[in-house]
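Step one of this worksheet: look at the structure below.
Computed from a prediction, not measured in an experiment: that's the story for all the values here. Chain letters run A, B, ... following the sequence lines, proteins first, then strands; residues in each count from 1.
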Amino acid sequence: MRVPLLPRSPPLPAVAAAAMPPRRRRRIRPPLPPSPPLLTSTPPPATPPVETTPKSEAPDHCPPPARRRLLPLVAAAAEAEGDWHPLPLYPADLSLPLTLPTGQTFLWRRTSVSPLRFTGAVGAHLVSLSHLPDGRIAFLLHNGGPGGGSPSAARAALADYLNAAVPLADLWRRFAAVDARFAEVAARLGGGGARVLRQDPVECVFQFLCSSNNNIARIEKMVWTLAGYGERLGEVGGFVFHQFPTIERLARLSEQELREAGFGYRAKYVVGTAKILQAKPGGGEKWLASLRTRELPEVIEALCTLPGVGPKVAACVALFSLDQNHAIPIDTHVWKVATQYLMPELAGKSLTPKLSVAVADAFVAKFGSYAGWAQNVLFIGQLSAQKLMVAETTIVSTKPTKRKRSGNNFKT
DNA sequence: CGGTAACCTGGGAT
DNA sequence: AATCCCAGGTTAC
């Protein structure tokens with residue numbers, strides 16, 4: 001496999017460098033410059049986003065009916081749900097709808113529309129995320145207590161998963177200053193909050209293994225099927241959530257089993273990759289994690305040895321889970337952006353590995369060591385533009401199609 | 001090396 | 001109704 005040779009990234013932007021702690025000792029609650037100081041070691045539970053009509057909860061979570069009836073609705077909801085814990089992240093730092101359902105992970109489910117709420121597994125923690133009335137992010141731990149984790153452990157896991165140490169607002173200011181197109185898209189998206197996650201590498205590899213030449217709905221279905229092989233964590237909003245399975249568990253799946261589950265030719269990729277990872281000295285988890293401290297070209301090369309992993313999937317895994325903030329996944333959407341705005345001389349040409357390297361280089365030259373974060377925003381801009389167009393045409397041209405549960409796709 | 005065709009599947013367009 | 005085309009690519013000629 002040819003290895004795209006991406007240049008060494010330029011030094012960190014001064015502002016980011018100053019705010020970024022060394023990777024080695026990742027801070028649990030890093031200070032975010034733009035955010036007011038509000039975190040204490042034991043933050044008081046926040047008022048949960050008010051549920052206007054408390055829906056019927058899963059039986060497991062319901063207090064005894066007799067007692068519940070005596071409580072005011074809000075109190076009952078609070079008791080059934082537990083406490084919402086605020087995080088020092090404001091919409092400019094993290095917008096849930098611009099981060100969770102926009103293609104870097106396919107495992108979160110929208111479990112409430114008003115207030116907007118997403119639920120997913122972060123490691124073994126089953127959490128819901130929502131914006132408080134003041135805009136801050138808050139999380140609710142569903143499987144805490146005996147047999148589960150503590151809120152403080154969940155908080156630490158979330159800070160890591162959300163890449164909370166990276167000062168997004170500062171990055172956006174820099175990006176907008178060097179690129180008019182970015183400024184335009186950023187404004188259209190509401191000014192901030194599209195954040196690159198720091199996912200578990202195993203989870204990330206297998207998610208993007210399912211993504212090739214595929215559409216979002218089916219990717220979500222396949223990824224959800226994979227997750228189902230992991231340990232059950234609980235049920236929220238009618239969805240049963242699982243911890244993502246281990247490599248060992250995935251390696252025990254058969255290609256036939258996955259084909260019957262609708263994976264098509266990707267079935268052999270999943271099993272093959274699981275087996276290769278399993279055979280790594282020290283285990284696949286460790287091998288993948290070790291890539292976090294390697295240079296990007298080496299990371300891409302290593303990932304491309306896995307069956308079903310090509311340059312695009314490798315770049316996704318590198319960016320979304322391996323700290324390669326200047327990795328640029330070149331897919332059809334980004335290719336469009338690139339040929340339209342960044343390198344018009346490439347218009348009409350086909351996306352070859354060599355050209356995709358050239359485009360990636362151009363992104364890094366323009367946006368610097370966090371170019372992947374800029375690319376992610378431009379991608380989302382392209383995505384939403386397309387979805388808006390699709391929505392328009394369907395309204396105009398077709399009769400009201402009965403909507404199947406298309407539930408978790410990105411829409412505005 | 002660059003260009004091309006299969007490759008599973010499902011939904012929407014023609 | 002049948003067929004084509006496309007969807008966040010990768011692999012094999």
Spacing between Y265(A) atom OH and dC7(B) atom P, to the nearest angstrom: 11 Å
I need the CD1-P distance between I219(A) and dC8(B), as an integer number of Å. 17 Å
Atom-to-atom span, CG of N213(A) to C1' of dT11(C) - whole angstrom: 12 Å
Could you give the distance separating dG8(C) and dA13(B) at their P atoms, to the nearest angstrom? 15 Å
Testing the basics here: between L226(A) and P245(A), what is the closest heavy-atom pair and its distance to 0.1 Å? O-CG, 3.3 Å
Result of checking L140(A), V236(A), L141(A) against L126(A) for side chain to side chain contact (heavy atoms under 4.5 Å, CB included): V236(A)
Interatomic distance, L209(A) CG vs dC7(B) C1' [rounded to whole Å]: 14 Å
From Q243(A), R252(A), E257(A), residue fulfilling side chain to side chain donor-acceptor pair (under 3.5 Å) relative to Y229(A): E257(A)
Once you apply a heavy-atom cut-off of 4.0 Å, does E260(A) come out as touching a base, just sugar-phosphate, or nothing? nothing
Is there a donor and acceptor pair closer than 3.5 Å between the side chain of K312(A) and the base of dG8(C)? yes
Residue K221(A), side-chain atoms from C-beta onward, closest of dG8(C), dC8(B), dG10(B): dG10(B)
Distance between P atoms of dT9(B) and dA1(C) (Å, rounded): 23 Å
Starting at the 5' end of DNA chain C, which residue's closest nucleotide do you reach first, L306(A) or C316(A)? C316(A)
Using the salt bridge (Lys or Arg N to Asp or Glu O under 4.0 Å) rule, take R136(A) and D134(A) through it: C-alpha gap first, then chi angles, then the decisive distance, then the call. CA-CA 6 Å; R136(A) 254 186 312 172; D134(A) 68 359; 3.0 Å; yes
The single option from W108(A), F244(A), F241(A) passing ring-ring contact (aromatic ring centres under 6.0 Å, His included) against W224(A): F241(A)
d(NZ, K268(A); P, dT10(C)) in whole Å: 13 Å
Nearest-nucleotide comparison on DNA chain C, the residue closer to the 5′ end among G308(A) and Q375(A): Q375(A)
Shortest side-chain distance from R218(A), nucleotide among dG10(B), dT10(C), dC8(B): dC8(B)
Using a distance-only criterion (donor-acceptor N/O pair, under 3.5 Å, no hydrogens), is the base of dG9(C) paired with the side chain of Y269(A)? no
When you compare dA5(B) with dC5(C), how far apart are their C1' atoms, in angstrom units rounded to a whole number? 16 Å
Which one is paired to dC7(B), where only Watson-Crick or G-U wobble pairs with both distances under 3.5 angstrom count? dG9(C)
Rounding to the closest angstrom, what is the interatomic distance between dC8(B) and dC13(C) at atom P? 14 Å
Pairwise P distance, dC4(C) and dA6(B) [rounded to whole Å]: 13 Å
In whole angstroms, the gap separating C1' of dC7(B) from CE of M222(A) amounts to 12 Å
Between R259(A) and dC8(B), is there a contact of a side-chain N or O with OP1 or OP2 at under 4.0 Å? yes
Compare the minimum distances between each of dG8(C), dT10(C), dG2(B) and the side chain of P311(A), then state the nucleotide with the smallest one. dT10(C)
Exercise: do Q104(A) and Q199(A) side chains pair donor with acceptor under 3.5 Å: no
Rounded to whole Å, how long is the line connecting atom CG of D331(A) with atom P of dC6(C)? 16 Å
Spacing of L351(A) atom CG relative to dT4(B) atom C1', expressed in whole Å: 15 Å
